[in-house]
Amino acid sequence: MSGAPISGFIFLGPPGAGKGTQAEIIAKKLGLAKIATGDILREAVRNKTRLGKIAEDYMKRGELVPDDLMLSLVKETLRKIKVGFILDGFPRTVRQAEGLQKMLKEEGAELKKVILIDAQDQVIIDRLSKRRVCPKCGAVYNLITNPPKNDEICDRCGSELVTRDDDRPETVKRRLEVYREKTQALIKYYNDKGILFEVDGNGDLNKVFERILEVMT
Ligand code: AP5
């Protein structure tokens, strides 16, 4: 990053709260770059890179990938960013948050707001059991709330949709536990800095979108 200071947002919240869906739409609307660590890791797994081979096992179990790996991954990605950004799924631990703060300082960039998108456990479980993703272009659907036009076929690229490995009920349960054990501490961390804004992630996709946009702008 260089020139005028670049600023960005973090989308924080439990799995299935709608972070990725909303980050995609809002990044396009506001001309921001979306940095989704889950997407980057899944691509690395697909391409069988060194990072992908390490990350795969953690992801399948619903555990977090080690902080050091995540920090170097995000550092590399942030360096290439020339516009404002939304971080989706990073940071997830206090150590990652501290690392991010250092990185942003080094790059002369700043964090504007942290948007906490929360939803009830049952809503999350229902959403994730019906999520389907495109293995080719990464598009995300929901068989109930955001279905593809043709039965389990991607609207964008025509590929057959799949269920994410970590959307099996037992892995979802573990991901929720991990969120509570490790990521929820970030709520206090960013609240203490005065930049945390909570948005209700329950309910209709468009309503959630409007709530987030109101807080961001
Ligand atoms: P990641 O991909 O980041 O998963 P996550 O945080 O668990 O979040 P999800 O993608 O499951 O949910 P989301 O909130 O984005 O919901 P979505 O919009 O898709 O991480 C996966 C794994 O990678 C981690 O478990 C870990 O192993 C590793 N990892 C990633 N980052 C890491 C890091 N920083 N450190 C360490 N490890 C890391 O929506 C869900 C579904 O609901 C969709 O079907 C969608 O269509 C639907 N939906 C969304 N909003 C609504 C709505 N309002 N109404 C109805 N349906 C909705």
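Position 1 is the first residue of the sequence; numbering continues from there. What you see below is based on every heavy atom in this structure, not just the backbone, and it leaves out hydrogens, waters and symmetry mates. Whatever order the structure lists ligands and atoms in, that order sets their numbers, starting from 1.
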R127 side chain vs N142 backbone, donor-acceptor pair below 3.5 Å: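 Checked: no pair found.
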Would you say K19's side chain and G13's backbone share a donor-acceptor pair under 3.5 angstrom?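 Yes, K19 side chain to G13 backbone: donor-acceptor pair under 3.5 Å.
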Go through R92 and K182 one step at a time and tell me if the side-chain contact (heavy atoms from CB on, under 4.5 Å) criterion holds. CA-CA 7 Å; R92 263 174 146 100; K182 304 197 168 145; over 6 Å; no
Nearest non-hydrogen partners of [X] and [Y], listed with the distance:
X: R211; Y: N202; answer: NH1-O, 2.9 Å
X: P91; Y: I10; answer: CD-CD1, 3.4 Å
X: A33; Y: I81; answer: CB-CD1, 3.7 Å

When you measure from [atom] to every protein heavy atom, which one gives the shortest distance, and what is it?
atom: atom 45 (C) of ligand 1; answer: T21 OG1, 3.7 Å
atom: atom 37 (N) of ligand 1; answer: V65 N, 3.0 Å
atom: atom 29 (N) of ligand 1; answer: L41 CD1, 3.5 Å
atom: atom 56 (N) of ligand 1; answer: T145 OG1, 2.8 Å
atom: atom 35 (N) of ligand 1; answer: Q96 NE2, 2.9 Å
atom: atom 47 (C) of ligand 1; answer: N142 ND2, 3.8 Å

Just jot down the ligand 1 atoms closer than 4.0 angstrom to any heavy atom of [X], in number order.
X: F90; value: 34 (N)
X: Y141; value: 43 (C), 44 (O), 46 (O)
X: D204; value: 53 (N)
X: T37; value: 30 (C), 31 (N), 32 (C), 34 (N)
X: V208; value: 53 (N)
X: G20; value: 13 (P), 15 (O), 18 (O)
X: E63; value: 26 (C), 27 (O)
X: D166; value: 21 (C)

Give the single entry among [options] that approaches [atom] most closely by any heavy atom.
atom: atom 54 (N) of ligand 1; options: G18, G203, P147, G201; value: G203
atom: atom 8 (O) of ligand 1; options: K19, R131, R95, M70; value: K19
atom: atom 24 (C) of ligand 1; options: R92, R132, R42, E56; value: R92
atom: atom 23 (O) of ligand 1; options: R164, M59, Q22, E24; value: M59
atom: atom 11 (O) of ligand 1; options: K182, R61, R175, R211; value: R175

Establish, from distance only, whether the side-chain atoms of D67 and T93 form a donor-acceptor pair under 3.5 Å.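 D67 vs T93: donor-acceptor pair found between side chains.
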Using only heavy-atom distances, determine whether the side chains of E210 and N206 contain a donor-acceptor pair under 3.5 Å.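 Note: E210 and N206 side chains miss the donor-acceptor criterion.
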Take atom NZ in K136; do more than 12 heavy atoms of anything else shown fall under 6.0 Å from it?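 It does not: K136 NZ has 12 such atoms or fewer within range.
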Cation-pi check for F197 against K113: NZ or CZ below 6.0 Å from the six-membered ring centre and within 45 degrees of the axis, yes or no?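 Output yes; distance and angle both within limits.
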Within 45° cone of Y179 ring axis and under 6.0 Å: R175 NZ or CZ: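 No; the conditions do not both hold, so R175 does not lie above the ring face of Y179.
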Between L116 and V199, is a side-chain contact (heavy atoms from CB on, under 4.5 Å) present by the stated rule, with each step listed? CA-CA 6 Å; L116 169 64; V199 168; over 6 Å; no
Decide whether the shortest distance between a heavy atom of G16 and an atom of ligand 1 is less than 4.0 Å.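 Per 4.0 Å heavy-atom rule, G16 contacts ligand 1.
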Taking only non-hydrogen atoms of A17, do any sit less than 4.0 angstrom from ligand 1?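 Yes, A17 has heavy atoms under 4.0 Å from ligand 1.
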May I ask you to check if ligand 1 and G89 share an N or O to N or O distance below 3.5 Å?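 Yes, at least one N or O pair falls under 3.5 Å.
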Does an N or O from R127, backbone or side chain, lie closer than 3.5 Å to an N or O of ligand 1?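 By distance alone, the answer is yes.
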Would F90 and L100 satisfy side-chain contact (heavy atoms from CB on, under 4.5 Å), going step by step from the backbone distance to the final call? CA-CA 9 Å; F90 182 94; L100 173 66; 3.9 Å; yes
Rounded at 0.5 Å granularity, tell me how far CZ in R132 sits from CZ in R164.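 Answer for the CZ-CZ pair, R132 versus R164, is 12.5 Å.
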